[in-house]
Trainee: 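Supplied in structure tokens, the structure appears directly below.
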Amino acid sequence: MGLMLSEKEILANLEANGLLSPMTESTAVWAQIMPSTGSLVLFGAYAQLAKGSYFILCMEQDKVILLPVHKITGKIDAKKEPIIMPFEELDSVEVGKNALLHKVTFTAGEQVMPLKINKIAAGTKWHKNNLEKALVEIKKCQSLVVQQTT
């Protein structure tokens, strides 16, 4: 998949869905659901095709927004609705990182959304510009979820 999605296209989609705000505009980053290590070993590239869904992750004051991206075209998938996860529905938010990427897992009941956010996304200056703000907002979300569950 080519990472040729422009910031202008993301903002247009957010606006069309009534989700555009200064915060969503400044926190939009590439995120990917990756297959588990076990399924990657067993099924190789097929596991990547089945589970390697791409999203644009945006944070808002009270919710996480995921805009589905088409695996082939690399554009926002207009056939799929944005995934919106209100903070009050989240049971946990786990944040980690390694040398190449950040790992964020949002859990709400039985739903688990394990995301990987690369530190660098080729050809997308907006991703690099928004990454630190997005991570700060994810940490705030994590703190709020911990407060509401204790």
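The chain is numbered in sequence order, starting from 1. These numbers come from a predicted model, not from an experiment.
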Trainee: Do W30 and I117 come close enough that some side-chain heavy atom pair is under 4.5 Å?
Mentor: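 No, their side chains stay 4.5 Å or more apart.
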
Trainee: Give, for atom OG1 of T24 and atom NZ of K63, the distance between the pair rounded to the nearest 0.5 Å.
Mentor: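 The NZ atom of K63 is 9.0 Å from OG1 of T24, to the nearest 0.5 Å.
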
Trainee: Should V95 and I33 be counted in the same cluster of Ile, Leu, Val, Met, Phe, Trp and Tyr side chains packed under 4.5 Å apart?
Mentor: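 Yes: a chain of side-chain contacts under 4.5 Å links V95 to I33.
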
Trainee: Identify the two heavy atoms, one from P68 and one from E81, that lie closest to each other, and give their separation to 0.1 Å.
Mentor: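 Shortest heavy-atom separation between P68 and E81 comes out as CG-O, 3.5 Å.
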
Trainee: Taking H70 for its side chain and K79 for its backbone only, find out whether a donor-acceptor pair lies under 3.5 Å.
Mentor: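 Here the side-chain-to-backbone pair does not exist.
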
Trainee: Would you compute the distance between atom CG of D62 and atom SG of C141 and round it to the nearest 0.5 angstrom?
Mentor: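 D62 atom CG to C141 atom SG measures 10.0 Å (nearest 0.5 Å).
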
Trainee: Could you tell me if the side chain of L57 sits less than 4.5 Å from the side chain of F106, heavy atoms only?
Mentor: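 Result yes, sub-4.5 Å side-chain heavy-atom pair found.
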
Trainee: If I take atom NZ from residue K71 and atom OG1 from residue T73, how far apart are they, to the nearest 0.5 angstrom?
Mentor: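 The distance works out to 12.0 Å.
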
Trainee: I need the K119 NZ to H127 NE2 distance, nearest 0.5 Å.
Mentor: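 Interatomic distance, K119 NZ to H127 NE2, rounded to 0.5 Å: 10.5 Å.
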
Trainee: Report yes if the side chains of L115 and T105 come closer than 4.5 Å at any heavy-atom pair, otherwise no.
Mentor: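 Of all side-chain heavy-atom pairs linking T105 with L115, none is under 4.5 Å.
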
Trainee: Do other residues, nucleotides or ligands put more than 12 heavy atoms under 6.0 Å from I84 CD1?
Mentor: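 Enclosed: over 12 neighbouring heavy atoms sit under 6.0 Å from CD1 of I84.
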
Trainee: Taking side-chain contact (heavy atoms from CB on, under 4.5 Å) as the definition, give me every residue that meets it alongside N98, ordered by chain and number, with sequence neighbours left out.
Mentor: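 For N98 the side-chain contact (heavy atoms from CB on, under 4.5 Å) partners, ignoring immediate neighbours, are L100, L101, K103.
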
Trainee: Are any non-hydrogen side-chain atoms of E25 and L20 less than 4.5 angstrom apart?
Mentor: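 Side chain of E25 against side chain of L20, heavy atoms only: contact under 4.5 Å found.
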
Trainee: Who passes side-chain contact (heavy atoms from CB on, under 4.5 Å) against E9, sequence neighbours left out?
Mentor: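 So E9 forms a side-chain contact (heavy atoms from CB on, under 4.5 Å) with L5, S6, K75.
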
Trainee: Identify the two heavy atoms, one from I83 and one from F55, that lie closest to each other, and give their separation to 0.1 Å.
Mentor: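 Here I83 and F55 meet closest at CD1-CE2, 3.7 Å.
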
Trainee: Can you give me the closest heavy-atom contact between A134 and M59, atom names plus distance?
Mentor: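 Heavy atoms only, the tightest pair is O-CG, 4.2 Å.
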
Trainee: Do the side chains of I56 and L14 get nearer than 4.5 Å, heavy atoms only?
Mentor: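 Heavy-atom side-chain distance check fails, nothing below 4.5 Å.
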
Trainee: Rounded to the nearest 0.5 Å, what separates atom CG in N129 from atom CD in E7?
Mentor: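 CD of E7 is found 7.5 Å from CG of N129.
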
Trainee: Which heavy atom of A108 sits nearest a heavy atom of D91, and at what distance?
Mentor: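 The pair with the smallest heavy-atom distance is C-OD2, 3.5 Å.
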
Trainee: Any heavy-atom pair between the side chains of L19 and C58 that's under 4.5 Å?
Mentor: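 A side-chain contact under 4.5 Å is absent here.
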
Trainee: What heavy-atom pair brings F87 and Q61 nearest, and what distance separates the two atoms?
Mentor: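 Taking every non-hydrogen atom into account, CE1-O, 3.2 Å.
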
Trainee: Checking H102 against I138 for the side-chain contact (heavy atoms from CB on, under 4.5 Å) test, could you report, in this order, the C-alpha distance in whole Å, the side-chain angles of both residues, the deciding distance, and whether it holds?
Mentor: CA-CA 11 Å; H102 299 274; I138 290 167; over 6 Å; no

Trainee: Quick check on Q148: does its CD atom have over 12 non-hydrogen neighbours (other residues, nucleotides or ligands) under 6.0 Å away?
Mentor: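 Yes - once you tally the heavy atoms of other residues, nucleotides and ligands closer than 6.0 Å, there are more than 12.
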
Trainee: Short question: side chain of N130, backbone of V29 - any donor-acceptor pair under 3.5 Å?
Mentor: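 Side chain of N130 to backbone of V29: no pair is present.
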
Trainee: Please examine the side chains of L66 and M85, heavy atoms only from C-beta on, and report whether any two atoms are closer than 4.5 Å.
Mentor: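 When only atoms from C-beta onward are counted, L66 and M85 do touch, with a gap below 4.5 Å.
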
Trainee: A side-chain contact here means heavy atoms from C-beta on lying under 4.5 Å apart; do V64 and M113 qualify?
Mentor: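 Contact flag for V64/M113 side chains = no.
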
Trainee: If hydrophobic clusters are built by linking Ile, Leu, Val, Met, Phe, Trp and Tyr wherever their side-chain heavy atoms come under 4.5 Å apart, do L90 and V112 end up in the same one?
Mentor: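 They do not share one cluster, since no chain of ILVMFWY contacts under 4.5 Å joins L90 to V112.
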
Trainee: For side-chain contact (heavy atoms from CB on, under 4.5 Å), just list the numbers for I65 and L67, CA-CA rounded to whole Å, side-chain angles, deciding distance to a tenth of an Å, and then say yes or no.
Mentor: CA-CA 7 Å; I65 301 166; L67 305 175; 4.1 Å; yes

